[in-house]
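Note sheet for the following structure.
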Amino acid sequence: MTPLKWFFRFLKKYRALMFLGIVMTTVIAALSIVNPYISGIIVDDVIQDGNYGLLPRLILCLLAVTLLTSILRFLYQVVFETASQGMLYDMRSKVYRKLLEEDFAFYNKKRTGDLMSRQTGDMDAIRHFVAYVIYAVYQNILLFVFALLMIFTVNTKLALCMLVVLPFTALATYKQSKEVRPAFQRNRSCFSSLNAFVQENVSGNRVVKAFAKEDYEKEKFQAENDKFKEAQINASRVWMKYVPIFEVLSYALTVVLMLYGGYMVMQGEITMGDLVKVNGYLWMLNTPLRMAGWWVNDIQNFVTSVEKIYATYNEEPRIKTPLAVNQHGDDIQAKRLKGDVEFKDVSYRADDEDIVMDVNFKVKAGQTVGIIGSTGAGKSTLMNLLCRFYDTTSGQVLVDGRDVRDMDLYHLRDNIGMAMQDVFLFSDTIEGNIAYGRPDCSFEQVKHAAVMADANHFISALPEGYDTIVGERGVGLSGGQKQRISLARALLKDPSILILDDTTSAVDMETESYIQQQLKNIQDSCTVFIIAYRISSIKDADLILVMDEGRIIEHGTHDELVAKNGYYAKAFRNQYGEIPYDLLKAKRSIQSSELQKGQLCMQKGGN
């Protein structure tokens with residue numbers, strides 16, 4: 001499908017309105033020939049022949065035509081504007097829904113500012129075309145044709161003389177359209193780049209200030225701004241070169257009429273009234289010629305915008321629900337996943353680089369898995385493959401025995417709660433951010449999730465509590481506070497699989513201990529994956545995976561891995577000090593015995 005065919009699919013819904021607008025435009029163009037015609041009658045029959053009885057009726061006719069034209073002009077502008085706004089609403093909604101369907105690979109190579117410019121500047125260029133350019137071009141073509149026909153009825157030779165300028169106009173229009181298109185493409189590209197730059201710097205203003213790089217960013221902005229300015233000027237130069245040509249051609253018609261038309265009056269070939277008629281039709285010939293350059297600009301701007309929006313819209317996501325599931329339904333969708341997870345010979349490669357290689361492990365529902373390893377070892381990638389943000393290059397990721405590639409995407413992700421490494425909070429209330437996964441839940445459920453994430457106390461201390469607007473991306477909250485709100489959001493979802501990607505890195509040890517205790521309370525109903533750098537976050541996990549350079553180099557429980565004296569044991573000693581393993585084991589045994597005695601005392605006290 002071509003970009004223009006795609007555009008006309010949206011316009012098809014409003015074809016009745018467009019047809020009505022076109023009919024009114026045609027009527028207005030037809031009525032435009034009436035006034036010059038009556039003016040000619042007034043000169044010949046009233047002024048020269050003295051038939052003054054016709055004058056009142058002719059004046060009433062002129063007034064009626066003018067009033068009707070004014071009413072129709074108002075109505076067709078309303079009609080075209082209504083159609084343009086409706087079409088723009090549908091197109092913007094369709095493109096936005098398509099953006100939500102795109103996968104991570106799409107957003108990895110697209111800039112937010114570029115996508116925003118498609119939804120704003122390019123969309124507005126399309127709206128302008130539908131609301132104004134369509135009827136203006138159509139009306140001017142009709143005016144030119146009707147005026148030329150009326151001049152032919154007056155005198156054929158005079159009409160043919162008026163046609164002399166047409167070949168020159170057509171040639172100038174063709175050349176301008178050829179030159180202006182690449183200029184507008186460059187213009188839209190520079191606008192997108194400038195928009196992306198501003199968006200990035202507004203979002204990253206804290207980093208700019210932290211490094212005192214305001215002057216540096218000003219220079220970069222100036223460079224982008226200069227590029228956009230130059231592109232605008234180059235586009236303007238194109239039509240500035242051709243607009244004078246169209247102006248000269250339009251005025252040439254006036255010269256032809258005055259010279260040749262005046263000569264014909266003196267020779268008696270036409271009357272003075274005929275000359276007045278033709279002079280009245282002259283503006284109907286001049287206006288299309290003068291505006292031809294502007295219409296070419298607007299049309300090329302519209303075509304460029306449609307092509308850019310369509311190019312974005314037309315990119316198909318690689319990650320999507322299988323067609324068989326879409327067509328025949330998925331009988332498991334209504335069921336809650338148990339949470340069994342298995343990786344079978346999983347490898348993932350991106351940009352000619354091996355990210356994950358030969359990963360194998362199996363987890364039963366309700367178990368906790370800790371994943372540790374160096375930066376870039378592939379820990380988060382494993383979870384991205386589990387959520388099917390990316391597809392494996394080889395091997396299988398199974399959930400409840402089913403390959404995630406054979407499952408409905410919405411059903412899979414709806415059963416997974418994820419607190420991401422890069423915490424993102426919406427410009428909404430704290431309650432709205434926590435309830436994002438379950439917007440229909442009660443406030444008590446939101447508060448309970450916040451208590452489990454150890455966030456309730458600092459939220460309650462805020463002036464507006466849970467109604468506090470956190471600002472874009474959580475500006476105004478500390479890193480630890482944002483992590484706890486993100487954790488509460490994941491917990492409230494009550495998922496079958498919970499993924500915590502370095503979720504407690506910005507909280508203190510006491511808070512982390514509290515959160516770990518709360519997680520133990522949900523383990524029976526939820527499979528938990530914890531990605532962390534702190535041993536304390538994962539030491540109680542049922543299975544610990546140690547990753548390095550995309551491979552699992554160690555796996556087992558905490559005690560087993562410490563006993564192996566490998567990567568994990570080294571990391572453990574670095575974080576807890578050089579403690580001999582036997583002494584550490586004895587110490588943990590004593591701590592466990594004391595904890596049991598304390599719980600027993602609490603139970604007796606309670607009784």
Side-chain angles (χ1 to χ4, degrees), residues 21-77 135-166 168-169 246-292 294-295:
I22 290 296
V23 169
M24 288 191 288
T25 304
T26 305
V27 173
I28 290 173
L31 289 174
S32 298
I33 68 176
V34 175
N35 286 0
Y37 184 79
I38 293 176
S39 298
I41 294 176
I42 290 175
V43 171
D44 283 342
D45 296 346
V46 177
I47 297 175
Q48 291 188 342
D49 295 343
N51 192 358
Y52 299 109
L54 290 174
L55 188 59
R57 283 178 291 174
L58 293 174
I59 291 176
L60 285 175
C61 186
L62 287 174
L63 291 174
V65 169
T66 302
L67 179 62
L68 180 59
T69 301
S70 300
I71 294 172
L72 289 176
R73 196 179 300 278
F74 169 77
L75 290 176
Y76 80 61
Q77 287 177 344
Y135 81 76
V137 172
Y138 176 71
Q139 185 182 53
N140 277 272
I141 291 174
L142 285 182
L143 288 175
F144 190 90
V145 172
F146 287 166
L148 203 56
L149 289 175
M150 292 304 296
I151 295 174
F152 266 106
T153 64
V154 173
N155 188 277
T156 303
K157 289 192 295 182
L158 182 59
L160 290 174
C161 285
M162 306 293 272
L163 287 175
V164 171
V165 300
L166 276 185
F168 301 100
T169 303
F246 292 116
E247 290 283 344
V248 169
L249 291 174
S250 67
Y251 288 128
L253 290 176
T254 305
V255 174
V256 170
L257 178 63
M258 292 298 101
L259 293 179
Y260 190 64
Y263 172 78
M264 295 182 76
V265 171
M266 289 187 292
Q267 295 297 315
E269 295 185 38
I270 61 174
T271 66
M272 183 61 71
D274 290 336
L275 185 62
V276 171
K277 286 180 187 177
V278 175
N279 187 59
Y281 297 133
L282 190 62
W283 74 268
M284 298 170 64
L285 298 177
N286 281 341
T287 301
L289 293 179
R290 284 204 311 270
M291 299 301 294
W294 297 96
W295 304 145

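For the numbers below, each heavy atom of this structure counts, side chains included, while hydrogens, waters and symmetry mates do not.
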Using every non-hydrogen atom in the two residues, find where [X] and [Y] come nearest and quote the distance to one decimal.
{"X": "Leu148", "Y": "Ala159", "result": "CD1-O, 4.3 Å"}
{"X": "Ile28", "Y": "Thr69", "result": "CG2-CG2, 4.0 Å"}
{"X": "Phe144", "Y": "Pro288", "result": "CB-CG, 4.1 Å"}
{"X": "Ala147", "Y": "Tyr281", "result": "CB-O, 3.8 Å"}
{"X": "Val154", "Y": "Asp274", "result": "CG1-CB, 3.6 Å"}
{"X": "Val276", "Y": "Gly40", "result": "CG1-N, 4.3 Å"}

Inset, instruction - With side-chain contact (heavy atoms from CB on, under 4.5 Å) as the test, would you mind laying out the steps for Val256 and Val164 before giving the verdict? - result: CA-CA 10 Å; Val256 170; Val164 171; over 6 Å; no
Would you give the length of the straight line joining atom [atom1] of [X] to atom [atom2] of [Y], rounded to the nearest 0.5 angstrom?
{"X": "Ile41", "Y": "Leu55", "atom1": "CD1", "atom2": "CG", "result": "12.0 Å"}
{"X": "Asn35", "Y": "Lys277", "atom1": "CG", "atom2": "NZ", "result": "13.0 Å"}
{"X": "Gln139", "Y": "Met24", "atom1": "CD", "atom2": "CE", "result": "11.5 Å"}
{"X": "Leu75", "Y": "Ser70", "atom1": "CG", "atom2": "OG", "result": "11.0 Å"}
{"X": "Ile42", "Y": "Asn51", "atom1": "CD1", "atom2": "CG", "result": "11.5 Å"}
{"X": "Leu259", "Y": "Met264", "atom1": "CG", "atom2": "CE", "result": "13.0 Å"}

Inset, instruction - Show your working on side-chain contact (heavy atoms from CB on, under 4.5 Å) between Val278 and Ile270 and close with a plain yes or no. - result: CA-CA 11 Å; Val278 175; Ile270 61 174; 5.9 Å; no
Legend entry - Tyr260 atom OH: more than 12 heavy-atom contacts under 6.0 Å: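 Counting other residues, nucleotides and ligands, OH of Tyr260 exceeds 12 neighbours.
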Legend entry - Atom CE of Met258 with >12 non-hydrogen neighbours under 6.0 angstrom: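 Yes, because the 6.0 Å sphere around CE of Met258 holds more than 12 heavy atoms from other groups.
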Inset, instruction - Any pair with a residue in residues 139-159 that passes salt bridge (Lys or Arg N to Asp or Glu O under 4.0 Å), sequence neighbours left out, goes on the list, sorted by first then second residue, please. - result: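 For residues 139-159, and leaving out neighbouring residues, the salt bridge (Lys or Arg N to Asp or Glu O under 4.0 Å) pairs sorted by first residue read Lys157-Glu269.
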Just wondering, do [Y] and [X] contact through their side chains at under 4.5 Å, heavy atoms?
{"X": "Leu63", "Y": "Ile59", "answer": "yes"}
{"X": "Met284", "Y": "Ser32", "answer": "yes"}
{"X": "Ile22", "Y": "Tyr135", "answer": "no"}
{"X": "Cys61", "Y": "Tyr37", "answer": "no"}
{"X": "Ile151", "Y": "Leu285", "answer": "yes"}

Legend entry - Test side-chain contact (heavy atoms from CB on, under 4.5 Å) applied to Leu257 and Leu158, step by step: CA-CA 8 Å; Leu257 178 63; Leu158 182 59; 4.2 Å; yes
Legend entry - Main-chain N/O of Leu275 paired to Asn279 side chain as donor or acceptor, under 3.5 Å: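 Here the side-chain-to-backbone pair does not exist.
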Legend entry - Check against side-chain contact (heavy atoms from CB on, under 4.5 Å), Tyr76 and Val23: CA-CA 9 Å; Tyr76 80 61; Val23 169; over 6 Å; no
